[in-house]
Q: 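Dumping the structure here so I can ask a few things about it.
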Amino acid sequence: GNNGRTLNGRTLANGGTAVFQDGFLTAFNGALIHNLAGAVWEFQGDDFLYTNTGGATFQNDGTLDKVAGDGMMTIHPAFINGGSVHVEAGALEFRGNFTQTSTGTLYVQISGLTPITDFNRYIIAGNAILDGTLDVTLINGFVPNPGDSFEVLTFAALTGQFATVNGHGQGYTVNYNPTNVTLIAQ
């Protein structure tokens with residue numbers, strides 16, 4: 001939609017539930033969007049958070065959830081995840097750097113072999129700095145064959161890796177490649 005807001009050099013702290021739909025938010029001049037521990041930031045579409053001169057940061061210490069839209073939700077500010085990130089529909093793109101701390105969890109759901117349609121893909125245009133947990137869940141009765149591959153993250157460059165990969169009983173080999181992280185079903 002055409003519904004937009006601007007955050008200029010200030011902090012927007014969410015301590016409850018923030019629902020973001022049909023519009024955009026432009027943050028710049030060092031602005032901080034902080035989703036506090038215990039809070040929920042819900043994207044209900046394929047809109048965007050944009051950054052301009054002076055940059056901005058989105059710090060997630062709560063739950064960030066993309067619940068609707070078959071396309072791409074784009075987050076331009078640098079993103080720091082110390083909470084949890086879920087994609088239930090479409091894809092999530094980070095245009096800046098993506099940092100996951102030791103307390104962060106990135107969730108992936110797999111229901112088939114087609115990226116975005118059947119399994120979550122996180123697209124990071126900048127650098128990925130990884131730690132914390134990658135939590136992988138099979139849904140809709142899908143069971144992968146040994147050797148099936150799932151490219152769940154793409155990025156420009158990589159530092160670190162997930163401390164823990166939780167497959168909920170399904171084993172995966174995790175390949176940390178120069179521009180992606182790919183899961184290979186065992």
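Atoms considered below: every heavy atom in the structure, side chains included; atoms not considered: hydrogens, waters and symmetry mates. Being a predicted model, the structure only gives us computed values, none of them experimental.
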Q: Just by modelled atom types, is the I123 backbone N or O under 3.5 Å from a matching donor or acceptor in the T154 side chain?
A: no
Q: Answer yes or no: is there a donor N or O on one side and an acceptor on the other, between the side chain of R121 and the main chain of A91, under 3.5 Å?
A: no
Q: Report the C-alpha distance between N120 and Q109 in whole Å, list the side-chain angles of each, state the deciding distance to 0.1 Å, and finish with yes or no for side-chain hydrogen bond (donor to acceptor under 3.5 Å, both in side chains).
A: CA-CA 6 Å; N120 304 133; Q109 296 178 334; 5.0 Å; no
Q: State, with a plain yes or no, whether a side-chain heavy atom of V19 is found less than 4.5 Å away from one of Q44.
A: yes
Q: Hey, could you give me the CG/CG distance between L92 and L106, rounded to the nearest 0.5 Å?
A: 8.5 Å
Q: Return yes if some donor-acceptor pair links the side-chain N/O of E93 with the main-chain N/O of M73 below 3.5 Å, else return no.
A: no
Q: When you compare the side chain of F162 with that of L153, does any pair of heavy atoms fall below 4.5 Å?
A: yes
Q: Verify the distance criterion only: is there a donor paired with an acceptor across the side chains of D135 and T133 at less than 3.5 Å?
A: no
Q: Calculate, to the nearest 0.5 Å, the distance between atoms OG1 and NE2 belonging to T57 and H34 respectively.
A: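 Here the rounded value is 11.0 Å.
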Q: Does any part of the side chain of T26, heavy atoms only, come nearer than 4.5 Å to the side chain of Y50, both counted from C-beta?
A: yes
Q: Using a distance-only test with no angle check, is there a side-chain donor-acceptor pair under 3.5 angstrom linking S84 and T63?
A: yes
Q: Out of curiosity, I116 CD1 to Y122 OH, how far, rounded to the nearest 0.5 Å?
A: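 Result: 12.0 Å between the selected atoms.
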Q: Just wondering, are more than 12 heavy atoms of other shown residues or ligands nearer than 6.0 Å to CG in N8?
A: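 Yes, enclosed.
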